[in-house]
Structure formats: C-alpha cells, structure tokens
Amino acid sequence: FYFWKKLDGEFWEELEDLMLSSDVGVATTGKIIDELKDIAHKERITEPMPLMERMKDYIADILSSRSKSLIKPASGPAVILVVGVNGVGKTTSIAKLAYWLKSNDSKVMLAAADTFRAAAIDQLQIWANSLGVDIIKTKEGGDPSAVCFDAVAAAKARKADYLIIDTAGRLHSKSNLMEELKKIRRVIAREIPDAPHETLIVLDAATGKNALAQAKTFSEAAPLTGIILAKLDGTAKGGIILTISDELSVPVKFIGFGEKPEDFAAFNAAEFLDALFA
Amino acid sequence: TLQDKLSSIFKKLRGRGSLTAQDVDVALREVRLALLEADVSLKVVRSFIARVKEKAVGAAVWESLSPGQLVIKYVRDELTFLMGNENARIEFSPQPPTIIMMVGLNGAGKTTSSGKLAKFFKDSEHFPLLVAADIYRPAAIKQLEIIGEKLEIPVFSMGNKQSPVEIVKAAKNQALAQGHDILIVDTAGRMHIDEVLMQELRDMKLSVSPQEILLTVDAMTGQDAVNIAESFEEKLGVTGVILTKMDGDARGGAALSVKEVTGKPVKFVGTGEKLDALEPFYPDRIVSRILG
Ligand SMILES: Nc1nc2c(ncn2[C@@H]2O[C@H](COP(=O)(O)OP(=O)(O)OP(=O)(O)O)[C@@H](O)[C@H]2O)c(=O)[nH]1
Ligand SMILES: Nc1nc2c(ncn2[C@@H]2O[C@H](COP(=O)(O)OP(=O)(O)OP(=O)(O)O)[C@@H](O)[C@H]2O)c(=O)[nH]1
Ligand SMILES: [Mg+2]
Ligand SMILES: [Mg+2]
C-alpha cells in the first residue's frame with residue numbers, strides 16, 4: 001500500500017490499520033509506529049518506500065536474533081516435545097517436521113502421546129506409515145507419560161537422531177492439563193537429563209490475542225524453545241508473533257502453510273514481514 | 001474494566017445536561033480499544049463505534065446514570081442487539097431428513113461438534129445419522145466412527161475413495177430408507193481461499209440441499225474472522241454459526257465479527273472436548289465476555 005509518495009497522516013493511519021488487522025495488537029502497533037516516526041526523523045527519511053524497508057529490517061533483526069536452528073545434544077537422540085491448544089496443527093506439523101528432518105538424512109522417531117482424543121493415535125500412525133518412520137504408541141486411554149518413557153528408551157536403543165513427541169491439544173486455562181504436561185516433562189527429563197531439548201508450541205496463524213496467553217501459560221508448564229506458526233496458507237497474517245517476540249523472546253522456528261508434508265519451512269523473518277506488510 | 005476507565009474519564013463531567021460529541025468521542029476511544037483487545041475485527045469495530053456515536057451524542061444525562069455508565073449502556077445495548085436473539089434454533093425441513101452441513105476452517109471443531117449435535121438431537125427424541133464426508137484428513141472417518149460408537153449413533157461412511165458429493169447423496173438415500181430425520185454431515189477443514197475445496201462444498205450443497213449450513217468458528221480467532229465469515233457467506237452461504245472452545249479464555253470478539261458480516265445467528269456454543277459440551281447461545285454472555 002505504501003507505493004505512495006508522501007509520509008503523511010494518511011500513510012500512518014493506513015499503516016496502523018494494516019498492523020491492527022493483522023493481529024499485531026494495539027500496544028505493539030503503537031510501539032512500532034512510534035519507533036518508525038523516530039527513525040524517519042533521525043535518519044531524515046521522507047519517503048514511505050525506504051521507511052517501510054527500513055522498518056522491515058529493524059523488525060526482522062529483532063525476530064531473527066532469537067531464532068536458531070534445532071537444539072541437538074552431543075550424543076543420544078534430540079527430544080522434541082510438541083504442545084499447543086486444540087486443533088492448531090500439532091500432529092500435522094510433527095509429520096511435516098519429521099519429513100523435513102528425514103530429507104536432511106536424520107533418523108526420526110515419533111511418539112503418539114495423545115492418548116485422549118478419538119483416533120489421535122491412528123492419525124499419527126498413518127503419518128508414520130507414509131513417512132517411513134518408527135512410532136511408539138499405546139492404546140487409546142493409556143498414560144501419556146508412559147508412552148514418553150517407552151519412546152525415549154526406544155529412541156536411545158534404536159539410535160534415533162530425533163524423537164518427536166505428539167501431545168493432546170489442551171487449553172492453557174485448564175490447570176489439570178497443564179499439570180499433566182509438567183508430569184510428561186518430568187518423565188522425559190528423568191530418562192535424559194537435558195531433555196526435552198526442544199519444546200515447540202504450535203500456534204494457529206488465525207488466532208488473536210489468545211496466542212500470547214497460550215505462549216505465556218504453556219511456558220510456565222514447559223519452557224518453550226520455539227514456535228511453529230501453522231496455517232499461514234489462509235488470509236491470516238500471524239502478526240501476534242511480533243508481540244510474543246517482544247514480550248516473551250520465544251523465536252518462531254518453523255512455519256506451516258498447507259496440509260501436505262512439504263508445506264513447511266524454517267522461519268524466515270524477512271519473507272514473513274514482506275507478506276505481513278504486503 | 002471498561003466501566004472503570006469510562007467512570008474515571010467522566011469524573012469531571014458531572015452536572016452537564018447531555019452528552020456532547022466530544023464526550024462521546026473520548027469515551028468511544030476507550031471502547032474501541034476494549035473491542036480490539038477482545039479480537040473484534042477492525043472494520044467491525046469502526047462501524048460499531050459509528051453506530052453507537054450516532055445514538056449517544058446529545059443523549060440526556062440522567063440523575064440515575066453517570067455519563068460513563070450511559071455510554072456503556074448504549075454500547076451494551078448495541079452489542080446485544082447485534083448479537084441477536086437467543087432463540088436461534090435449527091430449522092427443520094418440512095420433508096425429512098433435515099440435512100445439516102458442518103463447514104469451517106481446519107481444526108475449528110467440526111467433527112467434535114458434529115458428534116455433540118447428534119447427541120443433542122438423540123437426547124431430544126430424534127433419530128440422527130452422522131455422515132463422514134472428510135476423505136482427506138488421516139483417520140478423520142475413524143474419528144467420527146469412534147464418536148458415533150460412544151454415542152450409539154450410526155455413522156455413514158464410504159471410505160475415502162469416493163467423493164464427498166457421492167457420499168452425501170448416498171447418505172441421504174440411506175437416511176430416507178432407514179427413517180433418520182436428521183443428517184449431520186461432517187466435512188473436511190478447508191481454507192476459505194481454496195477455490196477447489198470451496199467448490200466442493202457448493203457441489204455438496206447443490207446435490208442434497210441442506211436446511212442448515214453451520215460455520216464452525218474457533219472462539220480464539222482474531223482479526224481474520226471477518227475474512228473467513230465473508231468468504232464462506234459469499235461463496236457458499238451459511239445459515240448459522242457454532243462457536244467452539246468457549247471453555248478457553250479467549251474473549252471471543254470473533255463472534256461479533258462473524259455476526260456483523262454474515263447476519264447469521266450463533267446457534268450453539270462448544271464448551272469442552274466431551275460430547276455433552278454443547279450449549280445454546282446466550283447473547284448477553286458473549287457481550288459481557290467481549291466487554292471484559
Ligand atoms: N491449511 C492448513 N491446514 C493445516 C495446517 N496445519 C495443520 N492443518 C490442518 O489442521 C487440522 C488440525 O490439524 P492437527 O494436526 O490434527 O491439529 P492438532 O493440533 O494435532 O489437533 P488436536 O490434536 O486435536 O489438538 C487438520 O485438518 C490439518 O490438516 C496448515 O499449515 N495449513
Ligand atoms: N476445549 C475444547 N476443545 C474442543 C472443542 N471443540 C472441539 N475441540 C477440540 O478441538 C480439536 C479439533 O477438533 P476437531 O473436531 O477434530 O476439529 P475439525 O474442525 O473437525 O478439524 P479438521 O477436520 O481437521 O478441520 C480436538 O482436539 C477437539 O477435541 C470445545 O468446544 N472445547
Ligand atoms: Mg493432534
Ligand atoms: Mg474434522
């Protein structure tokens with residue numbers, strides 16, 4: 001929208017509208033706009049185009065400075081715990097991540113620790129079959145911690161590079177479910193002292209403010225090492241991650257943009273911001 | 001709360017006869033903030049604020065209400081009016097079976113809500129049939145079958161090698177043959193901008209003429225709610241909305257956005273993962289939740 005000539009009131013209004021309707025949130029939008037006005041003044045920028053490019057670089061630095069590749073221990077399997085509220089795309093993102101890691105020649109194993117939801121184990125089993133990876137599971141209604149215990153043992157024995165654990169969707173406002181997550185973490189840590197090496201929260205790109213509450217509350221039960229931002233193939237921009245980055249310093253590590261295994265990529269801040277401010 | 005903010009803003013306004021445009025603008029700036037924080041879409045906030053301003057400017061300030069309370073009253077009334085009545089029920093067909101299509105974005109809660117709706121009807125003396133028309137998601141059919149087993153409600157499926165259009169046609173014939181008076185069709189999640197999948201829904205609608213097309217919307221949806229709702233309404237046409245995951249702590253502003261752009265009522269609210277967690281929609285509850 002900023003192929004305009006003037007850095008006038010209308011420009012600032014349109015920029016604010018764009019950010020607000022991209023779920024950037026009132027406070028973060030205000031902060032970024034104030035910063036931009038400051039930059040425009042100090043660096044004597046008088047045209048929208050160069051200012052927008054300058055802004056994207058500035059925000060990209062903040063977002064990328066925190067994003068790193070997946071943590072891998074010196075020996076033994078890297079354990080990746082995947083968490084999040086109901087329906088955001090955890091199970092599908094795990095399939096995509098497994099596919100991504102496999103195509104980089106890693107040996108990947110899956111653990112079906114969602115023992116609660118109807119056909120959750122079946123869903124991950126079908127993915128394991130099509131990806132050609134081992135899966136550790138139990139019967140529906142079993143104990144998720146027990147599955148994790150078995151999975152870690154199997155991952156060690158079979159010399160897997162990565163063990164990705166699928167958990168049941170859970171609303172962060174349900175304390176008993178947050179307690180269950182803490183227990184899952186304890187069981188994993190008992191088997192491998194630094195595990196889980198990664199705890200990734202899956203966020204739905206169309207979620208509003210609640211994504212911040214999700215990240216905060218999940219962090220308290222299981223310190224997060226990264227975000228997988230899913231469903232970016234819709235019209236949602238996922239602007240809430242600007243606020244999450246600002247307040248929690250949890251980096252976005254991957255993005256999902258479709259239902260196929262290949263609809264997945266490492267997070268690229270510059271590309272994300274180009275799409276946000278398109 | 002919004003109430004507190006407005007009373008502090010209006011502390012100095014005691015003794016005036018009516019609300020000036022300036023008073024109202026100041027108050028509505030706070031209301032705008034509150035609505036955006038509650039995830040109401042920006043353009044919906046704008047038109048809503050404009051309507052309230054029209055009603056509030058020049059309004060007489062009574063002894064019983066402070067100016068702040070008066071503005072809140074206008075906001076609350078307008079929100080309640082917008083969210084509609086609480087009597088939005090399922091429209092039954094004059095000729096059974098009544099066909100209900102469940103549509104919406106990926107992961108919104110369609111399959112679970114299909115089960116909940118089937119239970120709701122079975123408990124009120126109906127004879128529902130669930131239809132597994134999601135042929136894409138791994139184990140989607142199994143998921144619905146497990147739900148049907150738990151509820152002792154039959155599930156019609158033809159596996160995932162037949163098209164959803166074939167499935168619903170055959171399901172309708174089965175319903176007629178076995179005397180089911182309600183058919184609940186679970187469809188695959190899809191993006192509103194996926195033209196092929198939106199066409200699939202149009203084809204299904206054309207082939208069985210459902211009485212109800214219920215858009216399932218996740219209560220934590222943010223600004224994108226307007227885009228989703230507009231697309232589904234424009235490209236398919238919906239008759240009602242099911243708002244899911246209201247047992248979370250999302251403010252639920254998406255409900256307002258969806259109602260505003262589609263004009264269609266929220267018919268049910270999902271309040272949990274269990275199959276009995278379905279409630280009728282109470283407008284005043286969502287209004288209080290949105291206003292915080
Ligand atoms: N369009 C699109 N759909 C996605 C994406 N990621 C996941 N999905 C879909 O979202 C729906 C839910 O995905 P799941 O992987 O089952 O989500 P989940 O978080 O494991 O759900 P629960 O285990 O029930 O909490 C499925 O229909 C997926 O195909 C994405 O990036 N784009
Ligand atoms: N807490 C809570 N969870 C819900 C509610 N409704 C559905 N869920 C959960 O949300 C997740 C997704 O539900 P599904 O019914 O699989 O969603 P869907 O729309 O059929 O998903 P797709 O078919 O992949 O598009 C599951 O974990 C459900 O248990 C609700 O009202 N409250
Ligand atoms: Mg899952
Ligand atoms: Mg489904």
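Chain letters run A, B, ... following the sequence lines, proteins first, then strands; residues in each count from 1.
Residue contact with chain A, scored on non-hydrogen atoms closer than 4.5 Å, involves the side chain of I193(B) exclusively. Interface remark: D194(B) contributes no atoms to any contact with chain A (heavy atom separation under 4.5 Å). Contact annotation for R137(B): only side-chain heavy atoms (C-beta onward) come within less than 4.5 Å of a heavy atom of chain A. Of the atoms belonging to E259(A), it is side-chain heavy atoms, and not backbone ones, that fall under 4.5 Å from chain B. Contacts between R32(B) and chain A at a heavy-atom distance below 4.5 Å involve the side chain alone, from C-beta outward. Heavy atoms closer than 4.5 Å to chain B are found nowhere in K237(A), neither backbone nor side chain. If you measure heavy-atom distances from Q214(A) to chain B, the contacts under 4.5 Å come from the side chain alone. If you measure heavy-atom distances from T221(B) to chain A, the contacts under 4.5 Å come from both the backbone and the side chain. Looking at E145(B), there are no atoms closer than 4.5 Å to chain A (heavy atoms on both sides), in backbone or side chain.
One finds the CG atom of L20(A) at 15.0 Å from the NZ atom of K43(B) (value rounded to the nearest 0.5 Å). Rounded to the nearest 0.5 angstrom, T207(A) OG1 and D218(B) CG are separated by 6.5 Å. Taking OG1 from T112(B) and CG from N86(A), the interatomic distance works out to 8.5 Å, rounded to the nearest 0.5 Å.
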- Task: Quick one: do D17(A) and R46(B) satisfy side chain to side chain contact (heavy atoms under 4.5 Å, CB included)? Show the steps, please.
- Result: CA-CA 11 Å; D17(A) 281 4; R46(B) 280 225 165 92; 2.8 Å; yes
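Checked options L105(B), N106(B), D224(B); the residue passing with K231(A) is N106(B) (criterion: side-chain contact (heavy atoms from CB on, under 4.5 Å)).
Your options are D204(A), T92(A), I126(A), and the one with the most heavy-atom pairs under 4.5 Å with chain B is I126(A). Looking only at heavy-atom pairs under 4.5 Å with chain B, the residue among A206(A), A120(A), S173(A) that has the most is A206(A). When S22(A), A95(A), A119(A) are compared by the number of non-hydrogen pairs under 4.5 Å with chain B, A119(A) comes out ahead.
Counting only heavy atoms from C-beta outward, the side chains of Q143(B) and D122(A) never approach each other to under 4.5 Å. At least one side-chain heavy atom of M220(B) sits less than 4.5 Å from a side-chain heavy atom of V88(A).
A donor-acceptor contact shorter than 3.5 Å links the side chain of D39(B) to the backbone of K209(A).
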